[in-house]
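Read the structure below first, then the notes.
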2 protein chains.
Amino acid sequence: MEKEKIECKNCCNCTSENCPHTNVDENTLYDLAELFKVFGDSTRIRIISALMDGEMCVYHLSERLSAGQSAISHQLRILRAAGLVRPRREGKEMYYSLDDEHVEEIYGAGLAHILHKGGFCE
Amino acid sequence: MEKEKIECKNCCNCTSENCPHTNVDENTLYDLAELFKVFGDSTRIRIISALMDGEMCVYHLSERLSAGQSAISHQLRILRAAGLVRPRREGKEMYYSLDDEHVEEIYGAGLAHILHKGGFCE
DNA sequence: CTAACACATGAATATATGTTCATATGTTAA
DNA sequence: TTAACATATGAACATATATTCATGTGTTAG
């Protein structure tokens, strides 16, 4: 089965054969796995879910998730390193928010799969 | 910051307040993390990437990924359990293919994030 | 039926990872 | 400056997970 040149449906609309969307090298696949690994933890996905309601400080996150402050901080560090959340200091507190729209897109795509398998829609 | 009723942009177009897309409970978040965990492994994401070119049998997968047959089989089992790939027997061989369009959507959403951070586009 | 092949699976091992505890850093109020 | 607070971080420990090896199951050719 031959791979045909298709229109890229992701972040760009290019039809170039060299578009990294269609020609994914091993390093990119590794990075991709690393990205999904970040989404693949209960605590982190709950943080992401919470931040969809708006920015929140560490204390409130740990309160909402009933988790230790240290655990939340550690996970926020990982989320930050992956470019998924962004901190903003205000006095003593550190407010975190989702970094860009991709986070919600990935989350939404995963959720659609779960709900589809669950038979909710489609 | 109040959560306002928004139009669901995922698998359905409902505006119901009870739509699981907007009211995600803890169990669903747990399932979501489990799903991303499946994407969050180099071998599995490489299998998914390979299957985007079309169905493939276990032997050819292990050949293409330079991995052991057993390792591939173990990972295929996990992908199957998550509803991401589907097997089809043909004689002695077992051909695997991506289960539905969500797999490519999740993959694409993640890839868009990687490439965006890498500065390729947007 | 039997041998050969393709794939699946269980056990074992090594590695990765999340949480906790203790402590460090940074900020503000007094 | 000092005390109190919010967050970050390092070390240690427990758990989860991916691969390998050995073997089991299923299919086909002879």
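Chain naming here is simple, since letters A, B, ... match the order of the sequence lines and numbering starts at 1 in each. These values consider heavy atoms only, across backbone and side chains, with no hydrogens, waters or symmetry-generated copies.
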Rounded interatomic separation in angstrom, taking CZ from R89(A) and P from dT7(D): 9 Å
Rounded to whole angstroms, how far apart are OH on Y59(A) and P on dA8(D)? 15 Å
Please state how far atom CG in L79(A) lies from atom C1' in dT7(D), giving the value in whole angstrom units. 15 Å
Can you confirm whether Y95(B) is buried at OH, in the sense that more than 12 heavy atoms of other residues, nucleotides or ligands lie under 6.0 Å from that atom? yes
Euclidean distance, atom CG of residue L76(A) to atom P of dG18(C) [Å, nearest integer]: 13 Å
Here the distance between atom C1' of dA16(D) and atom CD1 of I78(B), to the nearest Å, is 11 Å
Would you kindly give the CG-to-P distance between D41(B) and dT17(C), to the nearest whole Å? 10 Å
Report yes or no: do D25(A) and T28(A) form a side-chain donor-acceptor pair below 3.5 Å? yes
Going by side-chain contact (heavy atoms from CB on, under 4.5 Å), V58(B) matches just one of S73(B), P87(B), S70(B). Which one? S73(B)
Decide yes or no, distance alone: a donor-acceptor N/O pair under 3.5 angstrom between the base of dA8(D) and the side-chain of Q69(A). yes
Presence of R44(B) side-chain N/O under 4.0 Å of dA18(D) phosphate oxygens OP1/OP2: yes
dA18(D), OP1 or OP2 - any side-chain N/O from T43(B) closer than 4.0 Å? no
Taking atom types as they are modelled, is there a donor-acceptor pair under 3.5 Å from the base of dT20(C) to the side chain of H74(A)? yes
Look at R77(B) and dT9(C) and indicate whether a side-chain polar atom (N or O) is within less than 4.0 Å of OP1 or OP2. yes
When you look at D99(B) and R80(B), which way does the salt bridge (charged side-chain N to carboxylate O under 4.0 Å, His left out) test go after all the steps? CA-CA 9 Å; D99(B) 190 283; R80(B) 209 162 2 112; over 6 Å; no
Would you say the side chain of S70(A) and the base of dT9(D) hold a donor-acceptor pair, judged only by whether the two atoms sit under 3.5 Å apart? yes
Min side-chain heavy-atom separation R86(A)-L51(A) under 4.5 Å: no
Contact under 4.0 Å: K92(B) side-chain N or O vs dG26(D) OP1/OP2: no
R86(A) CZ to dT7(D) C1', straight-line distance once rounded to whole Å: 19 Å
For dA8(C) and Y96(B) - does any side-chain N or O of the residue sit under 4.0 Å from the phosphate oxygens OP1/OP2? yes
More 5' along DNA chain D: I72(B) or H60(A), using each one's nearest nucleotide? H60(A)
Quick check on dT9(C): is either OP1 or OP2 less than 4.0 Å from any side-chain nitrogen or oxygen of S73(B)? no
What's the closest nucleotide to the A71(A) side chain, out of dA8(D), dT19(C), dT20(D)? dT19(C)
